[in-house]
Amino acid sequence: MAEHETAARHRTPENPGSEVGAFLRRRREQLAQRWADEPLFRTVFTVARDEAVEAGRVVVDALAQVAGHGRVEDPADPGFTVVREQLSRMAAARARTGLTPSRVSTEVDALRVPADELLVAELPDASAEHVRACTTALTVLMGTLRLVVMETALSEGEALIDRQRLQLLEVATPVIRLWDGIVAVPLIGTLDSARSQVVMETLLESVVDQQARFAILDITGVPTVDSLVAQHLMKTVAAVRLMGAECVVSGIRPAIAQTIVHLGLDLGTVITRASLADALGYALRRLGADIVRAAPGGAQAR
Amino acid sequence: MNDDFPRPGAVSVPVLRLGDVLLVTLQGDLYDGMAARLQQDIAQAIVDSRVAGVVIDISGVEIVDSFLGRVLAEIAAHARLLAARTVVAGMRPAVALTLVELGLTLPGLRTALSTEAALELLGRADAARPGGPHRDAR
């Protein structure tokens with residue numbers, strides 16, 4: 001690879017990047033010790049300080065490698081790939097404690113101060129220009145680190161949101177088998193067209209799987225019903241009927257009943273019951289089962 | 001769905017007689033010529049054998065269009081004129097969804113989960129007349 005060439009080219013004392021890299025390698029131990037006391041490391045590695053020091057060493061190594069490549073301003077440098085996971089873990093831990101991204105960013109920036117002090121202390125008799133060039137390179141390097149941390153943390157968050165959106169779609173629509181041949185879907189939350197579709201499909205699938213003769217749609221947890229939701233209910237009821245089962249809608253709250261009447265929607269073909277219990281009772285009776293209270297003597301009363 | 005050239009295996013749909021019920025099993029695509037012939041066959045069979053019910057099993061049908069919906073409705077209408085009840089059995093979820101999206105809710109057509117349930121439905125409707133077991137017990 002051409003890496004040897006670049007490294008050789010940058011080893012000249014005029015290159016502040018490689019000098020910063022060499023400095024980081026020399027002061028690795030001291031830096032790791034001082035960083036372990038910074039809030040960013042302290043809060044993640046609460047158990048043992050040694051772990052924090054070790055993590056600090058890894059980060060210092062990565063920074064030294066990036067500086068050695070002479071690409072202090074490049075967040076895509078391969079040197080960062082090693083520490084990406086660790087950095088995102090630290091940023092995520094800080095975000096969990098309720099810190100805003102800008103505060104996390106400030107904490108990452110706080111790592112620069114001890115490094116800066118050490119670097120300046122190491123160059124007591126260098127020219128002012130040389131010192132400035134070195135500190136600038138270090139500052140840019142730490143800025144890049146900050147960028148990498150935030151980038152990793154944010155992409156992590158996006159992946160989490162995507163995963164949760166999918167989970168919500170699946171989890172929010174469980175089909176429950178209430179009895180032999182009776183399935184129910186308790187709908188909770190606002191229904192949009194994507195969710196309606198999932199609900200309809202899972203309900204129909206379970207009607208086939210369970211050979212259910214009754215399907216109960218419980219809308220107790222649906223806050224509002226508009227014409228779209230009503231249309232979806234009608235469609236579900238029609239599809240369930242086509243498959244040879246019967247659909248009961250339960251849990252229509254008084255306010256929603258008023259809305260439906262107000263909108264002039266005709267749910268005349270839909271069987272409705274006040275509560276899930278009523279719907280279950282209806283379905284059981286239609287299946288030929290009956291619910292009876294046990295008599296005090298133990299005998300079954302009819 | 002044109003039917004200009006013969007298709008292998010798409011000759012005719014068998015109509016089976018089980019007691020006083022006709023059983024028709026649809027599988028795969030249904031073409032114009034087949035559908036017309038099926039309607040004729042069913043009507044003829046009802047008249048010949050004086051059955052009380054027709055069960056159409058469409059559990060083998062994966063894809064549906066408005067044509068199949070209309071054919072089913074027409075068969076049911078013919079059978080009703082000949083004093084036989086029609087039950088469509090085993091419709092797949094995807095087929096039911098498509099029919100509903102097409103606006104074909106097929107009112108007046110009876111449905112059942114499976115062929116067995118359909119036979120039971122037809123049998124119970126007969127038995128229900130002289131003090132049936134289910135609804136009247138309640």
Side-chain angles (χ1 to χ4, degrees), chain A residues 173 175 177 180-183 185 193-215 217 228 230-247 266-271 281-292 302, chain B residues 26 53 55-62 64-66 68-73 76 85-125 127-128 132-138:
Chain A
T173 55
V175 180
R177 176 173 166 273
D180 267 349
I182 304 174
V183 291
V185 191
S193 54
R195 263 195 78 196
S196 311
Q197 198 66 24
V198 175
V199 168
M200 216 198 279
E201 279 166 20
T202 46
L203 181 64
L204 295 185
E205 288 294 340
S206 66
V207 164
V208 175
D209 290 347
Q210 317 255 351
Q211 285 291 301
R213 279 191 44 203
F214 287 90
L217 268 177
L228 202 81
Q231 197 190 2
H232 155 70
L233 286 179
M234 304 283 281
K235 273 187 189 171
T236 310
V237 171
V240 168
R241 196 192 71 84
L242 276 178
M243 290 183 54
E246 206 172 305
C247 195
D266 182 22
L267 292 182
T269 54
V270 182
I271 302 166
Y282 165 80
L284 281 174
R285 275 196 294 277
R286 289 288 308 277
L287 281 174
D290 213 342
I291 306 161
V292 293
R302 258 275 145 190
Chain B
L26 292 186
V55 174
I56 306 176
D57 185 341
I58 59 167
S59 58
V61 178
E62 307 248 5
V64 76
D65 54 7
S66 53
L68 180 66
R70 210 190 69 217
V71 168
L72 291 176
R85 291 180 307 273
T86 308
V87 181
V88 172
M91 190 181 290
R92 284 167 179 267
V95 172
L97 277 177
T98 313
L99 281 182
V100 169
E101 292 295 338
L102 289 171
L104 289 168
T105 53
L106 304 178
L109 191 68
R110 250 169 296 194
T111 49
L113 281 170
S114 59
T115 311
E116 197 183 346
L119 292 175
E120 194 188 321
L121 183 71
L122 287 172
R124 201 172 59 218
H134 286 305
R135 228 161 291 178
D136 299 6
R138 173 63 208 152

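- The two residues B:A96 and A:A239 have their closest heavy-atom pair at CB-O, 3.6 Å.
- The nearest pair of heavy atoms linking B:T111 to A:G244 is OG1-CA, 3.2 Å.
- No donor-acceptor pair closer than 3.5 Å links the side chain of A:R213 to the backbone N or O of B:A112.
- Between the CG atom of A:L242 and the CZ atom of B:R92 there is a distance of 15.5 Å, given to the nearest 0.5 Å.
- Ranking B:T98, B:V87, B:L97 against chain A, the residue ahead of the rest is B:L97, based on heavy-atom pairs under 4.5 Å.
- The shortest side-chain heavy-atom distance between A:V207 and B:L113 falls under the 4.5 Å cut-off.
- Annotation: side chain of A:Q211 is in contact with side chain of B:S114 (closest heavy-atom distance under 4.5 Å).
- Note that OG of B:S59 and CE of A:M243 are 11.0 Å apart. Values are rounded to the nearest 0.5 Å.
- To the nearest 0.5 Å, atoms CD (B:E101) and CD (A:Q197) are separated by 6.0 Å.
- Taking each heavy atom of A:L204 and B:P93 in turn, the nearest pair found is CB-CB, 3.6 Å.
- With a threshold of 4.5 angstrom between heavy atoms, B:I58 does not approach chain A through any atom at all.
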